[in-house]
Amino acid sequence: MSSTPDFVPGVSGPVASGGERADGGLPDPSLLHLLGPKWLTARARSLDDERGRTARWIVLGFFGLIFWAFIFGMLFRLLKYFKGVQEIGPFLSGKLLGLMLIGFFSILLLSNVITALSSFFLAKDLDMLVAGPVDWLKLYGAKLLETMLHSSWMVVLLAIPMFSAYGVVYHGGWYYPLAVLFVFLPFLAIPAVIGSAITLLLVNIFPAQRTRDILSVIAVLTAGGIVLLFRIVRPERLARPEGFRSLVDFVTVLRTPTSPFMPSEWAQRAIMAWLDGRIEPLPFYLLGTTALAAVVLGALLHRALYDKGFSKAQESGGRQARTGVMGRALHRLFSPLGVLRRELILKELRLFFRDTTQWSQLILLAVLVVVYVFNIKYLPLKGEGMTFFLVNIVPFLNLVLAGFVLASIAARFIFPGVSLEGRTLWLLRSSPMPVKELLWAKFWVGTVPLLVLALGIIGVTNYLLQVTAFMMAVSILSITLMTFAMAGLAIGFGTLYPQFETENAAQIPTSFGGLLFMMAAVAVIGGVVILEARPVYTYLSARAYGMKPDLFEMVVGFGLALLLCITATIVPIRIALTRLEAVER
Amino acid sequence: MIRLTGLTKRYGSFTAVDRIDLEVPQGELFGFLGPNGAGKTTTLRMIAGILRPTAGKVEIAGIDIAKDPVAAKTKLGFIPDRPFIYEKLTGAEFLRFVAGLYDQEGPQIEHRARELLALFDLEEWRDELVESYSHGMRQKLIISSAFIHRPAVIVVDEPHVGLDPKAMRILKDLFREYVRRGHTIMMSTHTLEIAEGMCDRIGIIQGGHMRACGTMDELRANATGGDTGLEQIFLRLTGENAAREMVDVLDA
Ligand SMILES: Nc1ncnc2c1ncn2[C@@H]1O[C@H](COP(=O)(O)OP(=O)(O)OP(=O)(O)O)[C@@H](O)[C@H]1O
Ligand SMILES: [Mg+2]
């Protein structure tokens with residue numbers, strides 16, 4: 001009576017889709033059915049008839065292959081060398097594999113924890129799945145698989161050339177890939193289960209209003225984990241065999257398992273035994289059973305805690321946010337820039353510091369920097385055999401490493417900038433604000449803190465290394481230019497490969513565009529260092545032998561490095577600008 | 001004033017909006033109706049400068065939006081159908097930010113923001129983060145934000161979704177008063193009673209074509225079969241009378 005019959009056809013949709021099945025049984029969607037939409041979305045995206053799609057994939061494939069070839073080549077040479085070393089060679093290879101696997105394991109654990117938060121608790125399809133007649137076990141299976149896929153693919157990409165190098169150098173044979181598969185699948189599954197379980201527990205433990213602060217806890221846990229890992233592994237010991245009393249001692253250290261209860265250790269033993277021509281069943285067995293047991297326990301935990309946790313995760317704390325002293329000070333500070341720019345900058349800052357998923361990563365960052373500075377501090381640079389050249393080469397390597405640190409920070413904080421604007425682009429696009437102002441604000445809000453950090457790191461480490469004034473000047477200038485280049489590349493790639501639909505900012509850098517950005521950043525850092533190596537060497541040798549340095553060589557080298565950095569800053573931003581102006585959202 | 005000439009939008013080979021000509025003069029509230037998927041949102045987003053037309057021209061207050069987007073958009077306020085805004089800003093901060101996008105600030109803006117929030121019963125929430133707002137509250141905040149810089153033209157996509165009766169009433173009065181002062185509003189809606197009661201002129205779009213356009217009286221005069229209500233005119237024009245028999249649907 002209330003609605004006219006003419007409008008009822010609109011109702012038929014939901015009725016039909018939510019209704020009982022014809023055969024009268026309980027509806028029971030399969031696990032694959034639950035993952036179906038994800039698969040279809042991915043396929044629709046790749047089928048998207050965007051112009052230049054093929055070209056894009058060719059470029060991606062090309063860079064991907066170069067990247068693989070690079071990793072493979074490095075490892076190949078290293079392993080060849082190890083293989084030649086008498087007695088301890090195989091142990092060194094095994095240790096190296098173990099170290100890399102431990103690294104993988106910690107990355108996997110962290111990214112699974114972060115991914116699980118969004119795939120199990122925040123994803124948009126959950127409302128429907130939780131409300132629908134979906135079996136808890138299938139929901140767990142589907143979401144676990146999704147979490148695992150999302151957080152493991154980058155590690156898998158790294159692992160392929162790595163395992164290939166081992167297989168080729170040690171003649172793994174035709175069944176070697178199969179053996180790797182048997183080892184690696186459980187190796188991926190275990191951190192996925194543990195990560196999801198940690199997230200599940202955290203969501204349940206925290207008071208409802210603070211669910212969203214979980215990420216800060218995760219960050220702290222990770223920080224602790226990294227420090228612990230460094231203390232357990234003590235990689236610096238391996239780099240200095242002369243520090244051991246005798247070769248026997250060294251071999252003993254190499255022989256003892258670093259961590260007998262870690263899946264990485266099992267995986268390492270399984271692979272190394274295989275490459276040695278033996279099949280050691282125990283590690284395979286341990287990996288397989290642990291993975292299965294983990295899934296079962298994870299499922300039980302899921303059944304017990306998921307419903308409560310899910311309901312909790314939906315409550316977000318409504319928080320007051322008045323403009324305080326700080327706000328007014330910033331307001332005044334940025335006022336000379338004009339209303340538009342000031343408001344854009346203030347907005348960026350507010351969104352960043354009020355979003356736990358964003359600022360909590362700062363803790364991670366602090367850990368990274370501290371670990372880095374500590375490692376520099378403990379470098380054995382004062383003993384005998386430390387020539388004038390070595391002392392000056394270390395700051396150069398320092399520059400490279402600091403560049404990597406900056407690149408990963410830019411990937412975390414600058415790269416997601418444009419993606420995070422996805423839901424609000426309508427507002428920006430329908431306003432008279434020129435798109436370049438948005439990029440301008442994002443660039444500077446990212447670059448200025450990054451630059452301060454960069455100068456801080458380089459200043460402190462170079463001070464610890466007691467470098468010459470010349471190296472200090474070169475380092476500081478280079479890192480400044482590189483910082484701009486990193487920021488420019490991050491904005492550029494972040495705009496070219498935006499993740500407008502993402503729910504979790506922490507996930508954006510792990511996307512394909514993020515990977516591309518990292519590769520481009522590494523290329524620029526490498527380019528700068530290669531271009532500067534020659535003039536620095538010339539200058540140092542001239543100094544060492546009391547001659548005049550070749551001015552031409554210096555100007556060309558430094559000039560080209562400068563040009564590279566400026567190009568890497570400006571060109572990506574220009575491309576981003578055209579791209580963003582064409583976005584229709 | 002809004003003027004559309006030959007406005008067309010194609011998604012691939014599919015034509016969502018097909019050569020629409022329309023002029024909404026100053027001081028008019030224009031209602032934009034049509035069945036789901038008719039092309040209303042597409043048209044409005046083209047007017048707002050978010051989508052680029054495949055062909056045709058959009059003029060706002062006499063300025064071609066393709067030629068001088070900044071000048072045209074300065075005269076425009078847009079309210080989208082889905083209220084997506086920055087979750088981590090408070091209501092007051094959001095209004096200030098929007099004003100900033102139009103290069104406006106100062107005591108007058110602050111005053112206006114307070115008045116608008118008070119109008120929609122949001123003043124208690126002005127310092128709360130938007131993430132704790134309900135759907136309707138967000139909608140009201142966005143509507144307020146479109147008025148903060150006093151644009152000559154406001155383009156609204158289904159503003160009534162999720163609003164309570166009181167807010168609907170306020171919205172109606174606000175829109176009417178705004179056009180009475182010589183501004184222009186173009187609004188899409190599915191609520192025919194609202195369109196009938198509020199709008200000066202009504203356009204009905206279907207399949208990307210403008211099927212009818214005029215005042216209620218004109219629509220009535222043109223309608224065959226002596227229809228009097230907007231609902232009958234709408235359903236007859238858009239062919240929705242051929243609805244299936246309910247019995248068939250529910251027994252299927
Ligand atoms: N991004 C897009 N890509 C392809 N087709 C689209 C896209 N956006 C809209 N369309 C199509 O354009 C047509 C018009 O869509 P539009 O959103 O303008 O309809 P509408 O009149 O606003 O409908 P509703 O009343 O449901 O809001 C639809 O057929 C839709 O499928
Ligand atoms: Mg619409």
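Proteins get letters first, then strands, A, B, ... in listed order; numbering begins at 1 in each.
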Report task. Using a strict cut-off of less than 4.0 Å between a Lys/Arg side-chain nitrogen and an Asp/Glu carboxylate oxygen, indicate whether B:Glu93 and A:Arg354 qualify as a salt bridge. Result -> yes
Requested in this report: Assess whether atom NZ of A:Lys347 is packed by more than 12 heavy atoms of other residues, nucleotides or ligands within 6.0 Å.
Outcome: yes
Query - Residue pair A:Glu584, B:Arg52: steps toward the side-chain contact (heavy atoms from CB on, under 4.5 Å) verdict - result: CA-CA 7 Å; A:Glu584 301 198 324; B:Arg52 214 154 271 110; 3.1 Å; yes
Report task. Please list, chain by chain and in numerical order, all residues satisfying side-chain hydrogen bond (donor to acceptor under 3.5 Å, both in side chains) with B:Glu110, sequence neighbours excluded. Result -> B:Arg96
Query raised in the report: Where do B:Asp103 and A:Val339 come nearest, in terms of heavy atoms and distance?
Result: OD1-CB, 3.4 Å
Query raised in the report: What are the two closest heavy atoms between B:Val70 and A:Pro432, and how far apart are they?
Result: O-CB, 3.4 Å
Query raised in the report: Between A:Leu344 and B:Phe97, what is the shortest heavy-atom contact and its length?
Result: CD2-CE1, 3.8 Å
Query - Smallest separation among heavy atoms of B:Lys88 and A:Leu351, with atom names - result: CB-CD2, 3.7 Å
**Report entry** Which of B:Leu89, B:Ile65, B:Ile79 touches chain A most, by non-hydrogen pairs under 4.5 Å
**Finding:** B:Leu89
Report task. Could you list all the salt bridge (charged side-chain N to carboxylate O under 4.0 Å, His left out) pairs where at least one residue sits in residues 426-440 of chain A, not counting sequence neighbours? Result -> A:Arg341-A:Glu437
Query - Heavy-atom closest contact (B:Tyr102 atom, A:Ser430 atom, distance) - result: OH-O, 3.7 Å
Requested in this report: Can you tell which part of A:Leu346 gets under 4.5 Å to a heavy atom of chain B, answering side chain, backbone, both or neither?
Outcome: neither
Requested in this report: Measure distances from B:Phe94 to the heavy atoms of chain A and classify the residue's part below 4.5 Å as side chain, backbone, both or neither.
Outcome: side chain
Query - Taking every non-hydrogen atom, the tightest pair across B:Phe84 and A:Trp426 - result: O-NE1, 2.8 Å
Requested in this report: Step by step, work out the side-chain contact (heavy atoms from CB on, under 4.5 Å) result for A:Glu421 and B:Tyr86.
Outcome: CA-CA 9 Å; A:Glu421 223 45 85; B:Tyr86 298 105; 2.3 Å; yes
Query - When B:Ala71, B:Pro80, B:Ala48 are compared by non-hydrogen pairs under 4.5 Å with chain A, the top option - result: B:Pro80
Report summary line: Cut-off 4.5 Å, heavy atoms of chain A, and the answer for B:Val98 is side chain
Query raised in the report: Ignoring hydrogens and geometry, is there a side-chain-to-backbone donor-acceptor pair from A:Glu343 to B:Ala99 under 3.5 Å?
Result: no
Query raised in the report: CD1 of B:Ile85 to CG of A:Leu427: how many Å apart, nearest 0.5 Å?
Result: 8.5 Å
Report summary line: Between the OG1 atom in A:Thr424 and the CD atom in B:Glu87, the distance rounded to the nearest 0.5 Å is 10.0 Å
